[in-house]
2 protein chains.
Amino acid sequence: MKREIDRSLVSGSMAMLVMKLLEGGDKYGYEMTEELRRRSDDTFHLKAGTLYPLLHSLEEKGLVEAYEREAAAGKPRRYYHLTGRGRLALSEKEETWEAYSRAVYRVLKGVECSAGA
Amino acid sequence: MKREIDRSLVSGSMAMLVMKLLEGGDKYGYEMTEELRRRSDDTFHLKAGTLYPLLHSLEEKGLVEAYEREAAAGKPRRYYHLTGRGRLALSEKEETWEAYSRAVYRVLKGVECSAGA
DNA sequence: TGACATATATAGGCGACCGATATATAATCC
DNA sequence: GGATTATATATCGGTCGCCTATATATGTCA
């Protein structure tokens, strides 16, 4: 079931979603793409070309920390850990998201704010 | 009250919101920025530099039609009308938006899909 | 006269995200 | 043995959404 989402609507929230995944425990990149796809019910297809630069930029900002660990087989994995500042940034982004989606809802459903319409 | 939203989260849905405004009747550009600000409870500050190019592109795609009308005073106003194709595109965008925000909700709230977590 | 609100318009730029491509390792299949 | 696929990370170049800055013209009010 491929419910591919219009890319123009998907912008901006990937950093929040990735950090949200890390809230539940340290993870490596490839794992995140899989988990995001599963948890979003196949809605988000986070690409490698998006994810890895995103993780690097989060690391630069001190929102995540990385460490390498060998896997049972294959290439060693680069795990990411959400820092304290990362948790703070995440909760801010969540608040922002909720305000944003509430506002969209208000416009779409025609809810007027105190002015009865 | 200035609840300015992080721009990186606001991307992508402006075309939908603008068409939604036009669903309630023909409007001119400046009017839309005011109404969007009001209907979103001061969350969306749609700028002229965003709106007018957006309206032009919607017109090119045949989703809206424009006509000029003189105002009681000041510059003549350019009204926009949502076409049939525009209404169709709008309802698609609304569906897309709802699927997207539902998916974000699922990730944020940790709702697993049938796999009990 | 000069500031401000109304009203539309474009150029230039920034940043998010993706496609294409490259890399290395291991398993599977023929 | 060779080809393909899955795992795993990485970068470059490009597209596209939105904004800042700027320009334009008109009317009002101090």
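Lettering follows sequence order; numbering is per chain, from 1.
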Calculate the interatomic distance between A:Glu68 atom CD and D:dT9 atom C1'; express it in whole Å.
-> 9 Å
Would you say B:Ser101 and B:Tyr105 make side-chain contact, with heavy atoms under 4.5 Å?
-> no
Between B:His56 and C:dT10, does any side-chain N or O lie under 4.0 Å from OP1 or OP2?
-> yes
Should A:Met14 and A:Leu36 count as side-chain neighbours, where that means a heavy-atom distance under 4.5 Å?
-> yes
Residue mapping more 5' on DNA chain C - nearest nucleotide basis, A:Leu54 or B:Glu31 | B:Glu31
With sequence neighbours excluded, residues passing salt bridge (charged side-chain N to carboxylate O under 4.0 Å, His left out) with B:Glu98 = A:Lys109
Scan the side chains in residues 15-28 of chain A for donor-acceptor partners under 3.5 Å anywhere in the protein, sequence neighbours excluded, and list what turns up.
{"residue": "A:Lys20", "atom": "NZ", "partner": "A:Glu23", "partner atom": "OE1", "Å": "2.9"}
{"residue": "A:Lys20", "atom": "NZ", "partner": "A:Glu94", "partner atom": "OE1", "Å": "3.4"}
{"residue": "A:Lys20", "atom": "NZ", "partner": "A:Glu94", "partner atom": "OE2", "Å": "3.2"}
{"residue": "A:Lys20", "atom": "NZ", "partner": "B:Leu108", "partner atom": "O", "Å": "3.4"}
{"residue": "A:Asp26", "atom": "OD1", "partner": "A:His81", "partner atom": "ND1", "Å": "2.8"}
{"residue": "A:Asp26", "atom": "OD2", "partner": "A:Tyr67", "partner atom": "OH", "Å": "2.6"}
{"residue": "A:Asp26", "atom": "OD2", "partner": "A:His81", "partner atom": "ND1", "Å": "3.4"}
{"residue": "A:Lys27", "atom": "NZ", "partner": "A:Leu21", "partner atom": "O", "Å": "3.3"}
{"residue": "A:Lys27", "atom": "NZ", "partner": "A:Gly25", "partner atom": "O", "Å": "3.2"}
{"residue": "A:Tyr28", "atom": "OH", "partner": "A:Arg77", "partner atom": "NH2", "Å": "3.4"}

Using atom types as modelled and distance alone, determine if a side-chain donor or acceptor of B:Thr83 lies under 3.5 Å from a backbone N or O of B:Leu63.
-> yes
If we only count heavy atoms from C-beta on, is the B:Arg78 to B:Leu55 side-chain gap below 4.5 Å?
-> no
Could you check how far OH of A:Tyr100 sits from P of D:dG17, rounded to whole Å?
-> 13 Å
Is it true that B:Lys75 and B:Glu68 have a side-chain N and a carboxylate O under 4.0 angstrom from each other?
-> no
Per the end-axis method with five pairs at each terminus, what is the bend angle of the helix from C:dT1-D:dA30 to C:dC30-D:dG1, to 10°?
-> 0°
Please determine, for the side chain of A:Lys47, which listed nucleotide (C:dA9, C:dC18, D:dT11) has the closest atom?
-> C:dC18
Rounded distance in Å - CZ (B:Phe44) to P (D:dG17) = 17 Å
Between OH of A:Tyr52 and C1' of C:dT21 the distance, given in whole Å, is 15 Å
Touch class at under 4.0 angstrom, heavy-atom based, for A:Gly29 against every strand present = sugar-phosphate
A:Leu58 CG to D:dA10 P: how many Å, rounded?
-> 13 Å
Which residues pass the side chain to side chain donor-acceptor pair (under 3.5 Å) test with A:Glu70, sequence neighbours left out?
-> none
Please report, rounded to the nearest Å, how far the P atom of C:dT25 is from the OH atom of A:Tyr28.
-> 18 Å
Residues touching DNA chain D, which here means a heavy atom under 4.0 Å, drawn from residues 18-26 of chain B | none
Roughly how many Å is it from NZ in B:Lys27 to P in C:dT8, rounded to a whole number?
-> 13 Å
Could you check which of C:dA9, D:dT9, D:dC18 has an atom nearest any side-chain atom of B:Ala48?
-> C:dA9
Given that A:Thr50 and A:Arg77 both sit by DNA chain D, which one's nearest nucleotide is further toward the 5' end?
-> A:Arg77
Whichever of B:Pro53 and B:Glu34 has its nearest DNA chain C nucleotide further upstream toward 5' | B:Glu34
Does a side-chain heavy-atom distance below 4.5 Å link B:Val104 with A:Phe44?
-> yes
Does a side-chain heavy-atom distance below 4.5 Å link A:Glu34 with A:Glu31?
-> no
Decide yes or no for B:Glu65 and B:Glu59: does some side-chain heavy atom of the first lie under 4.5 Å from some side-chain heavy atom of the second?
-> no
Are A:Ser57 and A:Lys61 side-chain neighbours, meaning at least one heavy-atom pair lies under 4.5 Å?
-> yes
D:dC18 P sits how many Å from B:Met32 CE, rounded?
-> 15 Å
Within the sub-3.5 Å range, which N or O atoms of nucleotides 24-29 of chain D have a protein N or O partner, and how far apart are they?
none

